[in-house]
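Below, all heavy atoms of this structure are taken into account, side chains as well, without hydrogens, waters or symmetry copies.
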Amino acid sequence: MKRMFLITLLISQGIIFAQNESNFKIYESPVYKDKVKTDSVRATYTSNAGKTGVIRNDKKEIVFDLFDEGFSNIHSKLVETDRKETYIGDVFHSNEINVFTETFPDNDVKVLTSYVFNLEDKTNKKIELSSTTMDKKLSLPSNEKGAKFSMSPDLNFFSITNYTIHRDEIFYHVSVFDSKTYELIYDQQITRNENKFYSLFEIQIDNDKNVFLLGESFYVEESPKLKSEKNRHFIIEKINKAGHSKLELNLEGKYIKSLKAVTVANEYNLYGFYSDSGLNAIKGVCNILINMEKFEIINKNLQDLPSQVYADLFGTEKVDEKKGKELFEFKIDYILNDEQDNVYLTAEQFYITEKNNMKIKHYGEILIIKFNQNGKLDWGSSILKYDYKPSYNAFVKDNELHIILNSGKKLKELNDGRTITSQGLFETSALYDFVYDNNGVGQINKIQNNKKKTYYLPNYGNFVNGKFIMISDSRNERQFMTLE
């Protein structure tokens with residue numbers, strides 16, 4: 001590795017940043033020629049034995065590539081799909097990648113299919129999971145559709161929740177399957193007359209086959225057509241074979257901005273942000289603990305964003321001016337645990353602008369929050385970042401949080417000591433590792449300068465068995481990098 005051209009120190013409220021060479025053991029795989037010209041990488045998974053599977057797809061086919069421990073390509077499989085078949089997601093368990101598709105062979109019939117690729121014995125199979133008679137209007141191409149997936153903690157069951165939006169109604173189809181036999185255990189269909197007033201965030205399934213839907217709603221019966229911030233609320237629904245029930249989340253005068261769940265035993269632990277204004281803004285962090293068996297809230301924690309977040313974003317001289325003010329357009333990306341049961345939350349600023357009738361996506365600053373074992377805020381920090389595409393990934397290794405991202409070769413240092421990660425118009429890029437220890441002390445490590453080297457995609461990477469693995473961006477020649 002080349003020595004960094006600059007060491008930047010940011011000393012603010014006890015948090016120190018320094019640019020250094022990476023401490024990772026870095027391995028790059030041999031290059032292999034990609035015979036399939038499908039560039040949409042959907043997922044990358046690694047088995048316990050170290051074999052890595054990559055899933056790609058386009059409108060006509062699903063491509064499965066398998067690599068050994070040294071990332072030499074040892075198997076490839078191209079599976080043709082039906083013209084009307086749509087890729088809706090994937091899960092990984094027991095060394096198998098399950099790719100799920102949805103199709104409407106007839107206007108009133110929906111078929112769910114799983115393509116199973118085994119990373120150990122190189123086999124693949126196609127399984128029809130279910131065929132359901134539905135209202136014809138749900139198959140219309142103009143409808144907005146989506147799906148969410150979840151595996152039970154014991155890996156014995158998985159759930160698929162499909163949703164379809166048609167005019168003023170949202171239709172949910174919740175299905176639970178045995179993960180070994182792929183037998184349909186039960187399904188439930190739910191209809192809401194809320195249309196754009198409801199968004200499904202995520203689902204969880206427990207070992208007792210209960211499915212929990214976490215969603216955000218603006219709908220109230222008193223004003224069914226008014227999408228007001230005052231009406232924003234979060235709902236958890238518990239669904240099983242017998243039916244379903246609702247639990248509304250509220251923070252006594254505060255607005256929940258976003259939530260993500262961590263499931264441990266019978267506890268559904270929600271981490272996220274809250275707002276005072278109810279706009280697309282955040283004022284602080286929240287933790288809501290729910291007993292899944294009793295289906296009731298047993299604890300809530302609310303705390304303002306720490307001063308360090310504002311110092312990182314605006315500079316230490318503006319902390320007093322900015323502290324307590326809301327930040328805008330952040331979405332949660334990762335909820336991670338360390339070996340001591342602390343929880344790390346990372347969120348990226350995301351917004352869309354329009355120029356010359358073209359929509360431009362912006363991926364901005366990253367917020368980092370650490371909660372202790374009791375769900376209380378421990379510390380927080382931020383990374384100044386500007387990009388136009390998803391660029392980062394996060395994982396915890398040896399009780400340290402790592403943020404892996406691409407940025408400009410020379411990180412810009414501001415007069416107040418802060419560092420901006422962005423890439424100039426004609427500037428070459430580099431791959432970085434932002435490291436935070438258990439106390440929030442940060443360090444910036446450069447992994448490589450990308451010029452004349454392979455450009456890797458951290459956002460498609462995965463962390464398994466103590467290694468972070470990511471695939472290259474090249475179309476004809478593929479390569480992997482491993483950080484250990």
I'd like to know whether the aromatic ring centres of Phe330 and Phe273 sit less than 6.0 Å apart in this structure.
no
Any side-chain to backbone donor/acceptor pair from Thr181 onto Glu183? Under 3.5 Å, distance only.
yes
Looking at Lys148 and Glu202, does any basic side-chain N land under 4.0 Å from a carboxylate oxygen?
no
Just checking Asp320: does its CG atom have more than 12 heavy atoms from other residues, nucleotides or ligands closer to it than 6.0 angstrom?
no
May I ask you to check whether Phe158 and Phe100 place their ring centres under 6.0 Å from each other?
yes
Can a salt bridge be assigned to the pair Lys60 and Glu80 using a cut-off of 4.0 Å between side-chain N and carboxylate O?
no
Using modelled atom types and a 3.5 Å cut-off, is there a donor and acceptor pairing between side-chain atoms of Asn240 and backbone atoms of Val211?
no
Between Asp276 and Lys254 (salt bridge meaning N to carboxylate O under 4.0 Å), is one present in this structure?
yes
Check Lys180 with Asp178, please: is the shortest side-chain N to carboxylate O separation under 4.0 Å?
no
Do any N or O atoms from the side chain of Asn372 and from the backbone of Lys376 form a donor-acceptor pair under 3.5 angstrom?
yes
Given 3.5 Å as the limit, does a donor-acceptor pair link the side chain of Ser275 with the main chain of Ile282, or not?
no
Could you tell me if Lys209 sits above the aromatic ring of Phe157, with its cationic atom closer than 6.0 Å to the ring centre and no more than 45 degrees from the axis?
yes
Presence of salt bridge, Arg56 and Asp65, under 4.0 angstrom
yes
NZ-CG distance between Lys241 and Asp208, expressed to the nearest 0.5 angstrom
14.0 Å
Quick one: does NZ or CZ of Lys238 land under 6.0 Å from the six-membered ring centre of Phe212, within 45 degrees of the ring axis?
no
